Amino acid sequence: MPKLFNPTMECSTASCRLFPRVSARSRRGSSLKSAIIAQKPSTLAEDLPSKKRTNWGKYDNSLEQAAAAWRNHKTVNWELEKPLDRTTSFATLASLLKRCGQAKALYHGRLVHAHIRRYRYDWNTFLGNWVVKMYGDCGSIEDARSVFDNLPKINLYSWNILMNAYAQNGCGREALECFQRMQCDGIRPDQVSFVAALDACSSIAALEKGQEVHAAIVRRGYDRQLIVGNALVNMYGKCASLGDARNVFNQMVNRDVISWTAMITALSQNGHCDEALDFFDQMQGAGFKPNPITFVCALDACASLADLKKGQEIHAAIVEAGYEGRADMGNGFLNMHNALVNMYGKCGSLEDARRVFSRMPSRTVASWTAMITACSQNGHSKEALCLFNRMQSDGIKPDQITFVTVLDACTSLAALEKGQEIHAAIVECGYEEQVVVGTALINLYGKCGSLEDARNVFGRMPVRDVVSWNAMIAACAHNGHGMEALDLFDYMQSDGFKPNHVTFLSVLAACSHTGRVDAARRYFNSMREDHSLIPKVEHNVCLIDILGRAGLLDDAENLINSMPLESKARVWLCLLGACRIYGDVERGARAASHAIKLDPENAAPYVLLSNIYAAAGRSFVEVYTPTQSSRCRGTAPGTAQVPWVPYRCRGTGTHGACFFFFENLF
DNA sequence: TTAGGGTTAG
């Protein structure tokens with residue numbers, strides 16, 4: 001029995017098997033035709049510059065050449081291994097286009113399209129719609145649009161397919177324009193159109209437009225449909241309108257696993273991970289069995305919470321469902337395994353992440369990236385770099401996220417040379433212009449002290465976002481170029497970017513390095529006043545540090561006392577550090593006492609205070625005795641005067657310093 | 001004889 005062609009298999013293999021004679025010829029000839037054929041399919045698709053794709057004159061040429069090349073060798077009906085010809089039915093052609101779309105096999109899709117054009121079947125809207133869908137599924141949205149524009153007759157299917165093509169390729173605005181235009185053209189949207197419109201709103205987080213579409217859905221009576229309800233829950237979740245998502249979910253007449261999964265995702269992606277996990281349990285209580293996608297969402301919530309116990313529970317449920325080790329159902333199970341690796345990595349259980357990874361039935365670049373991230377984020381940066389090499393020896397090409405993770409590992413190791421090597425590979429792959437990659441590079445160069453390289457990368461970035469601006473400001477601030485950092489802060493705003501909490505940390509660091517106390521106060525106050533940002537502990541620590549270093553201890557202490565922060569242990573500790581510099585014993589004792597009260601396990605305040613006393617030549621220290629631990633031998637909580645002897649380090653245990661004092665007391 | 005809902009990596 002002949003082995004059937006599977007479009008998901010390696011393109012080059014498929015190409016050789018399908019068109020052996022052409023491949024042989026391509027090795028000999030040097031004509032354009034041969035050159036096209038000699039290309040690996042995926043390369044050919046990428047080689048058509050995006051601008052040319054809309055230019056049908058040029059594009060037709062390529063297609064015609066491709067078609068001509070195959071005229072003698074026949075495009076093949078992959079299911080029957082029969083050449084395509086005039087007798088091939090429309091149903092077969094549609095089925096081939098569908099499979100090309102599912103497998104994202106753009107090159108083969110183009111071949112089928114060429115066949116359709118060759119026999120002038122492009123007058124047929126049914127086939128034309130399938131071609132539009134194929135291009136949309138393959139991510140070639142400009143081709144989809146061109147084919148749509150040349151359709152002889154546009155029907156409801158055509159509009160719905162085009163809208164989905166736009167919505168699924170990150171062009172929500174264009175999808176919504178189609179939604180308007182179809183109605184202007186007198187075509188009444190059906191529930192599929194509404195779902196596509198909601199999807200478009202989700203992709204660009206257009207809440208108001210989504211609400212408008214919701215109102216139209218209610219007017220037309222589609223709101224009781226299960227799929228429409230699910231799309232609404234998803235839209236409100238993606239638009240961060242959790243209350244609306246809940247309302248729609250609660251009012252749904254029917255629910256299925258997808259409704260529950262959409263609600264779990266809405267909760268988890270809007271910072272309500274605990275509740276998302278409650279919903280996951282409730283869903284099972286209501287008799288719905290989680291599927292691989294539900295498990296992915298639940299694992300994601302565990303990862304965000306770093307809740308290892310719940311993550312392990314869910315892993316056990318996956319094993320019980322018989323899902324572990326399965327590789328069928330497209331990418332469903334694969335993604336679930338990736339989510340397990342990710343969850344264990346985020347929960348700090350590298351050993352479990354390794355175990356899942358080693359048992360995975362198959363791995364994609366996402367699986368490798370998840371494992372590399374797990375290593376890198378758990379302090380095993382060298383292992384992350386080894387895995388990166390192993391991945392490439394296994395023939396998996398890194399993508400932009402892999403590069404970001406690997407650059408982070410280099411940053412942690414301060415491995416500038418390795419980072420530069422990876423930078424060269426990034427340039428070779430054409431990823432340098434990607435904003436996330438550029439940002440990771442700026443971070444690397446900034447942290448490794450190579451500010452000039454950071455500036456170069458930043459200067460070359462075609463697109464920047466807040467994160468890349470933050471990285472560049474931080475690079476300047478931490479390399480002693482405080483003024484440049486503050487200038488960048490101004491440029492960033494004139495470029496239309498709103499600073500966030502991270503920006504202000506770097507700005508305050510820049511003020512600290514340049515000793516600009518008044519400017520620091522101004523920036524700190526402007527967080528709340530001009531940018532509606534509530535300063536976090538880190539910002540307060542930064543400002544106290546600046547005031548403390550400048551000797552403005554009164555101001556620093558007053559600021560701490562006026563802070564509405566829940567936990568002030570770190571800020572008191574910061575003031576304590578400043579008291580040490582300025583030898584302020586009384587204030588130091590006060591600060592230490594606050595810090596110890598708030599975080600009795602931390603030895604740092606004891607050590608700092610003892611240093612202050614030693615420097616002041618005092619013979620005792622006054623410390624707050626936190627607990628009746630065995631080490632304290634019955635000391636009641638309260639304040640004790642401890643005789644001072646010169647400090648010697650007595651180990652690293654959390655009670656080390658405490659033990660030291662009490663040892664001298666008794 | 002087509003189209004539609006839920007998922008991961010910074």
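Remember, it's a predicted structure, so these values are computed and weren't measured experimentally. To find a chain, count down the sequence lines: A is the first, B the second, and so on, and within it residues start at 1.
Counting only residues at least two apart or in different chains, salt bridge (charged side-chain N to carboxylate O under 4.0 Å, His left out) contacts with residues 179-188 of chain A comprise A:Arg181-A:Asp185. Annotation: side-chain hydrogen bond (donor to acceptor under 3.5 Å, both in side chains) contacts involving residues 378-396 of chain A, sequence neighbours excluded, comprise A:Arg354-A:Glu383. A ring-ring contact (aromatic ring centres under 6.0 Å, His included) check over residues 225-252 of chain A, counting only residues at least two apart or in different chains, returns the pairs A:His214-A:Tyr236, A:Phe249-A:Trp260, A:Phe249-A:Phe279. Sorted by first and then second residue, the pairs that involve residues 228-254 of chain A and meet salt bridge (charged side-chain N to carboxylate O under 4.0 Å, His left out), not counting sequence neighbours, are A:Arg246-A:Glu275. Contacts classified as side-chain hydrogen bond (donor to acceptor under 3.5 Å, both in side chains) and involving residues 162-178 of chain A (residues at least two apart or in different chains) are given here: A:Arg145-A:Tyr166.
In this structure, the nucleotide among B:dG10, B:dT7, B:dT2 sitting nearest to the side chain of A:Asn155 is B:dT2. Of the candidate nucleotides B:dA9, B:dG10, B:dT2, B:dT2 has the atom lying nearest to any side-chain atom of A:Tyr157. Side-chain proximity of A:Asn164 to the nucleotides B:dG6, B:dG4, B:dT2 is greatest for B:dG4. If you check B:dA3, B:dG6, B:dG10 against the side chain of A:Thr294, the one that comes closest is B:dG6.
Remark: A:Lys133 is not in phosphate contact with B:dT1, judged by side-chain N or O atoms under 4.0 Å from OP1 or OP2. Distances shorter than 4.0 Å separate none of the side-chain N or O atoms of A:Asn335 from OP1 or OP2 on B:dT7. In this model, the phosphate group of B:dG6 is not approached by any side-chain N or O of A:Gln168 to a distance below 4.0 Å at OP1 or OP2.
Among the heavy atoms of the strands lying under 4.0 Å from A:Leu226 is at least one base atom, whether or not backbone atoms are also near. Residue-level contact check: A:Val192 touches the bases, meaning some heavy atom is under 4.0 Å from a base atom. Note on A:Asn234: only backbone sugar-phosphate atoms sit closer than 4.0 angstrom, heavy atoms only; bases stay farther off. No contact: A:Gln400 has no heavy atom under 4.0 Å from any strand.
Near DNA chain B, meaning a heavy atom under 4.0 Å from it, residues 238-251 of chain A has A:Lys238 in order of number. If you check residues 433-442 of chain A against DNA chain B, the residues with a heavy atom closer than 4.0 Å are A:Val436, listed by number. Within a heavy-atom distance below 4.0 Å of DNA chain B, the residues of residues 356-383 of chain A found are A:Ala366, A:Thr373, A:Gln377.
With A:Tyr119 as the aromatic partner, A:Arg86 does not meet the cation-pi criteria of under 6.0 angstrom to the ring centre and within 45 degrees of the ring axis. A cation-pi contact, defined as under 6.0 Å to the ring centre and within 45° of the axis, links A:Arg363 to A:Phe357.
Scored by the side-chain contact (heavy atoms from CB on, under 4.5 Å) test, A:Ala216 finds A:Phe194, A:Arg219 as partners (sequence neighbours excluded). Residues meeting the ring-ring contact (aromatic ring centres under 6.0 Å, His included) test with A:Tyr445, sequence neighbours left out: A:His423. Contacts of A:Arg326 classified as side-chain hydrogen bond (donor to acceptor under 3.5 Å, both in side chains), with partners at least two apart in sequence or in another chain: A:Asp328. Annotation: side-chain hydrogen bond (donor to acceptor under 3.5 Å, both in side chains) contacts of A:Gln225 (sequence neighbours excluded): none.
Looking at A:Asp199, its side chain has no donor and acceptor atom pair within 3.5 Å of the base of B:dG4.
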